[in-house]
Structures are given as structure tokens and as C-alpha cells.
Amino acid sequence: MKKLTFRDGDKIPAIGLGTWKSDPGKVGDAVSAALETGYRHIDCAAIYGNEAEIGEALQKSYSDLGISRKDVWLTSKLWNREHKREDVIPALKQTLSDLQTDYLDLYLIHWPVAFRPDLEGFPRSDDDYLPLSEVPLTETWDAMLEAKKQGLIRHAGVSNFSIKKLKELIRHLGEDPEMNQVELHPYLQQKELLKFCKEKGILLTSYSPLGSGDRPERLKKEGEPTLLDNEVILSIAEKQEATPAQVLIQWAVARGTCVIPKSTNPGRIDENFNSKEVDLDEEDMEQIESLDIHFRYLDGTVFETESEMYRDIFDEG
Ligand code: A2P
């Protein structure tokens with residue numbers, strides 16, 4: 001399995017199992033199946049509401065497979081409600097307890113958006129948010145670095161950050177983010193962000209690599225393009241004797257990113273992992289490059305406010 005190297009030389013397996021939308025009752029079996037297949041990277045988040053079940057499955061798999069905690073890369077994410085300095089480490093400790101571990105390999109600020117600490121569920125009005133002037137991203141970042149200093153996390157990063165927002169943290173005294181996890185697939189190739197992150201020694205993880213077809217309906221747009229039945233992807237899959245999902249996963253790996261396809265189906269979990277056998281050539285890469293239409297499946301509008309407080313979350317102008 002290809003690995004990506006952090007600034008300190010640490011290595012993360014390029015393919016991880018995504019767990020967003022993996023329902024309680026299914027996610028544990030998915031994690032067990034993935035570890036049995038050979039995955040050693042599981043991508044989690046507190047807001048997915050399934051970390052306790054993942055923690056149970058990890059324990060069982062460690063003993064069933066004769067592996068230990070240190071053999072598996074665990075990533076999780078800080079939810080929007082816990083951005084205040086004093087809330088970061090308690091939120092992290094809840095995740096550690098749910099995942100039944102005493103450290104994470106990587107912890108990310110999930111979104112550059114802060115909710116009120118007492119908010120239950122998702123915001124219903126602007127009053128449910130805290131402006132970044134009140135809880136600056138630099139404050140949250142400081143607390144992430146404190147967690148690292150305390151040995152609760154081995155690496156710290158962010159998710160859904162634009163170049164502009166990364167620059168705010170990079171200018172800040174202390175350590176720069178080590179990872180940015182963003183939506184990335186052939187329709188949204190993130191070329192500028194990828195270039196910027198490479199220059200700064202920040203790794204990228206590609207989420208929704210298969211087009212996230214199981215998103216809730218409210219997050220879907222009418223007539224949105226699909227990736228798994230794109231003609232170019234289908235023809236490359238045929239040529240490579242691979243499946244469309246395997247082509248999409250290996251395209252992300254070939255571009256030097258981590259990729260976290262979600263599945264709760266054992267056959268597809270296996271298929272996605274075995275994409276490592278697929279070797280895309282230059283012509284395949286060129287053809288896929290032509291597919292960029294700058295289309296987001298998750299456009300961030302779900303976190304926009306009526307007022308100017310949170311608008312244009314990806315700073316696209
Ligand atoms: P399932 O969990 O039933 O396998 P993304 O990773 O972009 O969020 O996409 C996840 C969606 O893609 C889920 O609906 C998942 O369904 C589906 N999926 C995962 N792997 C494959 C595959 N190899 N072929 C087709 N669909 C897949």
C-alpha cells in the first residue's frame with residue numbers, strides 16, 4: 001500500500017476507509033471487514049455519530065487479527081460546536097474514549113465554522129453560530145497544538161480549508177497544519193490547493209472520491225453529474241480491467257493525495273482496497289484531467305448564515 005509522508009517523516013496509508021454515512025449497526029462490521037482486507041487507515045469524525053461502534057470493532061479486530069492499536073492509523077475531527085479553546089481537548093477526549101484509544105494519529109478541525117457550544121443538532125438560525133471574530137480559527141488551532149503537545153494526537157490538521165484560511169494559520173505563530181481534508185475528485189480537482197499544499201508541506205486527503213451518492217437528499221442538487229458512470233471513467237476502467245471506483249481511487253492516489261472511499265459493503269470495501277493493483281498511465285491521467293468542471297457535491301451552503309457572518313465558506317469569491 002502506497003503511503004504519504006508527513007513533514008516529520010511519519011507515514012500514512014494512502015487509502016483509508018471513510019465512515020461518514022456509515023450507519024450505526026453497519027459501521028462496526030465495515031471497519032472489521034476493512035481491517036481484515038488489509039486497510040490500516042480509518043477516517044472518523046465525532047459528528048458521524050458512530051465512533052463508539054468503531055471503537056468496539058477496533059478492539060475486536062485487534063484481537064481477531066493479532067494486530068495492535070499502533071498498526072492502525074486513526075483520524076478524527078473536531079465538531080463545529082467545540083471550537084472554543086476550552087472545548088477542544090474535552091471534545092477530543094470524548095472521541096478518544098469512544099474509539100477506545102489514548103491517542104489519535106491525526107485530528108482535524110472539521111469545518112472553518114463555529115457553532116454555539118450549547119447547540120443541539122444543526123443550526124436553525126444565525127443565533128446558533130459564533131462569528132470567527134469571537135472564536136478565531138487561530139484560537140481553535142492553538143488548542144489543537146496544545147493537544148499535540150500533550151501527546152493526545154500525533155498530527156494536527158484541518159478540513160474544508162481554502163488557501164486563504166490555511167494562510168491565516170500558517171501566519172500564526174506555532175506549527176502549520178499537516179493535513180487538509182477536502183472534497184476532491186475528477187469534477188473538482190483542486191489544482192491550486194494541491195499546488196499550494198505541496199509547497200507548504202501540507203498533505204491533502206480527498207473526500208467524496210466516488211461522488212458521495214448516499215448523501216442525504218437535502219444535500220443533493222437536481223441533475224448533478226455522477227462520477228461512477230462518467231463515460232471517460234468507464235472507458236478507462238474497461239481498458240484497465242478495473243471498476244470505475246478503482247479508477248477514481250487510484251487517480252486520487254496517483255495525484256499524491258490520501259483517499260477515503262466510504263463503503264459498508266464487504267465486496268466493495270475489498271474492491272476499493274484492491275484498486276492498488278490498478279496502474280493508470282499518462283493517457284488515462286490526461287483524459288481524467290479534462291473532466292474538471294469545478295463541481296462540488298458538498299458546496300458548504302448548508303453552513304451559510306442569513307447574515308454575512310458565514311458566506312462563501314470556500315472563499316471562491
Ligand atoms: P456502499 O456503502 O453501499 O458501498 P464516497 O466515498 O464518495 O462518499 O461514496 C460513497 C458511496 O459510494 C456509497 O453510496 C457507497 O455505497 C458507494 N460505493 C463505495 N464503494 C463503491 C464501489 N466500489 N462501487 C460503487 N459504489 C461504491
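Numbers here simply count residues along the sequence, with the first being 1. Atoms within each ligand, like the ligands themselves, are counted from 1 in listed order. Given the structure is predicted, the values throughout are model-derived calculations rather than measurements.
Cation-pi geometry between R296 and F314 is satisfied (NZ or CZ under 6.0 Å from the ring centre, within 45° of the ring normal).
Between W111 and S159, the closest side-chain pair of non-hydrogen atoms is not below 4.5 Å.
Contact residues for ligand 1 (protein heavy atom closer than 4.0 angstrom to any ligand atom): K21, S208, P209, L210, G211, S212, D214, L228, A245, P261, K262, S263, T264, N265, R268, E271, N272.
Residues forming a ring pair (Phe, Tyr, Trp, His ring centres under 6.0 Å) with H83 (at least two apart in sequence, or on another chain): none.
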In residues 127-138, what donor-acceptor pairs under 3.5 Å come from side-chain atoms, sequence neighbours left out?
| from | atom 1 | to | atom 2 | distance (Å) |
| --- | --- | --- | --- | --- |
| D128 | OD2 | R124 | N | 2.7 |
| D128 | OD2 | S125 | N | 3.3 |
| Y129 | OH | F303 | O | 3.3 |

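Sorted by first then second residue, the salt bridge (charged side-chain N to carboxylate O under 4.0 Å, His left out) pairs that include residues 253-274, not counting sequence neighbours, are D214-K262.
Donor-acceptor pairing under 3.5 Å is lacking for the side chains of H110 and Q181.
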